[in-house]
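Note sheet for the following structure.
Only a predicted model underlies this, so the values are computations on that prediction, with no experimental measurement involved. In what follows, chains carry the letters A, B, and so on, assigned in the order in which the sequence lines appear, proteins first and then strands, with residues in each chain numbered from 1.
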Number of protein chains: 2
Amino acid sequence: MATTLQTLDRGLRALEIVAEHAEGVTIAELAEQLAVHRAIAYRIVTTLEGHGLITRTREGPVRLGAGISLLASRFEPQLRGVAQPLLQRLARATRATAFISVAQGDECVVIMEAEPEEGLLRVGYRVGSRHPLTRGAAGIAILAARPPQPDDDEAVRQARTEGFSLTRGQLQRGAVGVASAIASPQVRPGVEACVGVVAMDDLDTDTAIREVMDHAGQLADLIGQ
Amino acid sequence: MATTLQTLDRGLRALEIVAEHAEGVTIAELAEQLAVHRAIAYRIVTTLEGHGLITRTREGPVRLGAGISLLASRFEPQLRGVAQPLLQRLARATRATAFISVAQGDECVVIMEAEPEEGLLRVGYRVGSRHPLTRGAAGIAILAARPPQPDDDEAVRQARTEGFSLTRGQLQRGAVGVASAIASPQVRPGVEACVGVVAMDDLDTDTAIREVMDHAGQLADLIGQ
DNA sequence: TCTATTGTTACTTTTATCGCACAGGATGTA
DNA sequence: TACATCCTGTGCGATAAAAGTAACAATAGA
């Protein structure tokens, strides 16, 4: 019947709660947020700590541990580190917020973000935020990189021929997004990523399209070696 | 009696096994490595997938998911991205392998690494590798950044006064390491990190000491704002 | 066509987990 | 000092949750 495991689920929720508290949480606070007894929270913390995913200061709060970095270093190792400077350059060139998203099931998740240094208003694109692949420039760019399907949307077909996708107001009123897939089929089939920018209506789309596609090519080269 | 949770422990072990297989693993392989029945592995996979930590290609293997990046972005967000270019510069300036380590319990764990581009032989310092705080330049640098303890080792006291630690052959015969703590007590108390370099015996220690301390200061400034 | 492998789900058994209870330490207050 | 109030940490029995079995569908290969 139940296809998920309660204990594992609680442990992962605990990990997320710890992640949300940069200043750390006590076991008692953790138990309250999980709505479980403190003894349970204590055992969860002990187990997570055994795997290095969290760490504890003496008698004090719990925070994320170095095991997270180990996992992150295994997840698209080529991308991390190399991509951040590129994203910064893209953000500067387009005066817009640059991001990298990957497909996760039938959703699109932001994994990295860089904001322009200048400008009065900034558009933030929160790392970890997700939305359906069928909505927003990022998802459409990823769908366009897949083999053609008979039920593809018009926007997807257009993005497939042009090499980029441009959407207005699909995720937020007044927001415009441009994205292009990062092509690396030979390296890691199954990993689907795209790079793009998002901004208010005043985005210079010609520049954005050119820069986004240029950076998508650079990223593909960097991770394709 | 048992202070850890078997189900959570298995789930985290599964996550680590998936991380070790960049090309992906099938549920059957995962079940074999965990020494559990396929049905159990299936439920573990479903639960991990629900939290975005792993993702599945259609009918195919399992690999790490975007949730890892979300967690990583919460773990020392200032450090990630900003630090990698600095590490590259440090590696180039010293012609040695540069690294950042953090304290995890009474151990010292490498979380980032950068290797010099030139040179015939490279010294690799694997991300995720760990050793006691009392051994190696990195651990001593972290201990030296803590308030003085009566049972401090001589090397720790010396590192505290000089601002850096230098060890030879403690972790590996013929290896020499230099490290200095990243001081950021006001920002995130409880996070203890250090930066350093490791190389064969031919390290130019004067240059290394100067560069490591300089970069430690830069990193402290960057994350201290 | 037959066989082998894998993913997936229903059902029964059993065991790991839950939640209570209590001990102990640190801190604050009268 | 005595008392109160937080917190962490840990046996132990009842029970809910997970383990294990079996079975089915789908796919691939011989």
| field | Atom-to-atom span, CG of B:Leu30 to P of C:dT6 - whole angstrom | value | 13 Å
| message | Under 3.5 Å, is there any donor-acceptor pair linking the side chain of B:Arg38 to the base of C:dG7? | response | yes
| request: Check side chain to side chain contact (heavy atoms under 4.5 Å, CB included) between A:Glu29 and all other residues, then give those that pass, not counting sequence neighbours. | output: A:Val25, A:Thr26
| message | In this structure, how many angstroms lie between the C1' atom of C:dT6 and the CD1 atom of B:Ile40, rounded? | response | 16 Å
| request: Please state how far atom CG in B:Asp9 lies from atom P in D:dA19, giving the value in whole angstrom units. | output: 12 Å
| request: Respond yes when some side-chain nitrogen or oxygen of A:Arg56 is under 4.0 Å from OP1 or OP2 of D:dG9, and no when none is. | output: yes
| Residue B:Gln172 excluded, over 12 heavy atoms near CD under 6.0 Å | no
| message | Quiz question: going by heavy-atom distance under 3.5 Å, is there a donor-acceptor pair between the base of C:dG7 and the side chain of B:Arg43? | response | no
| said: Per the ring-ring contact (aromatic ring centres under 6.0 Å, His included) rule, what does the pair list look like for residues 37-56 of chain A, sequence neighbours excluded? | reply: none
| task | For A:Arg157, check salt bridge (charged side-chain N to carboxylate O under 4.0 Å, His left out) against everything at least two apart and list the hits. | result | A:Glu154
| Qualifying residues under side chain to side chain contact (heavy atoms under 4.5 Å, CB included), relative to A:Arg10, sequence neighbours excluded | A:Gln6, A:Arg13, A:Val36, A:Ile40, A:Ile44
| Given atom CG of A:Leu8 and atom C1' of D:dA17, what is their separation to the nearest angstrom? | 13 Å
| task | May I ask you to evaluate whether A:Thr7 reaches the phosphate of D:dA17, defined as a side-chain N or O under 4.0 Å from OP1 or OP2? | result | no
| note | Here the distance between atom P of C:dT17 and atom CG of A:Leu34, to the nearest Å, is 16 Å
| Taking for each residue the nucleotide of DNA chain D bearing the nearest heavy atom, is the 5' side occupied by A:Arg10 or by A:Val25? | A:Val25
| task | Could you check whether A:Ala39 gets within reach of a base, just the sugar-phosphate, or nothing at all, counting any heavy atom under 4.0 Å? | result | base
| Divergence of helical axes at both termini of the helix from C:dT1-D:dA30 to C:dA30-D:dT1 - five pairs an end, 10° steps | 40°
| task | Grab the CG-C1' distance between B:Leu5 and D:dA19 for me, whole Å please. | result | 16 Å
| message | If you only use heavy atoms from C-beta on, which nucleotide in D:dA19, D:dG9, D:dA18 is closest to the side chain of A:Gln6? | response | D:dA18
| task | Using whole Å, report how far CD1 of B:Ile27 lies from P of C:dT6. | result | 11 Å
| remark: Contacts of A:Thr97 meeting side chain to side chain contact (heavy atoms under 4.5 Å, CB included) (sequence neighbours excluded), chain-then-number -> A:Glu113, A:Glu115, A:Pro116, A:Val123, A:Tyr125, A:Val198
| Roughly, in whole Å, what's the span from CD in A:Glu32 to P in D:dT8? | 12 Å
| message | If you compare every side-chain N and O of B:His37 against the phosphate oxygens of D:dT21 (OP1, OP2), does one of them come in below 4.0 Å? | response | no
| message | What I want to find out is whether A:Arg160 reaches A:Asp152 closely enough, with some N-O distance under 4.0 Å, to be called a salt bridge. | response | yes
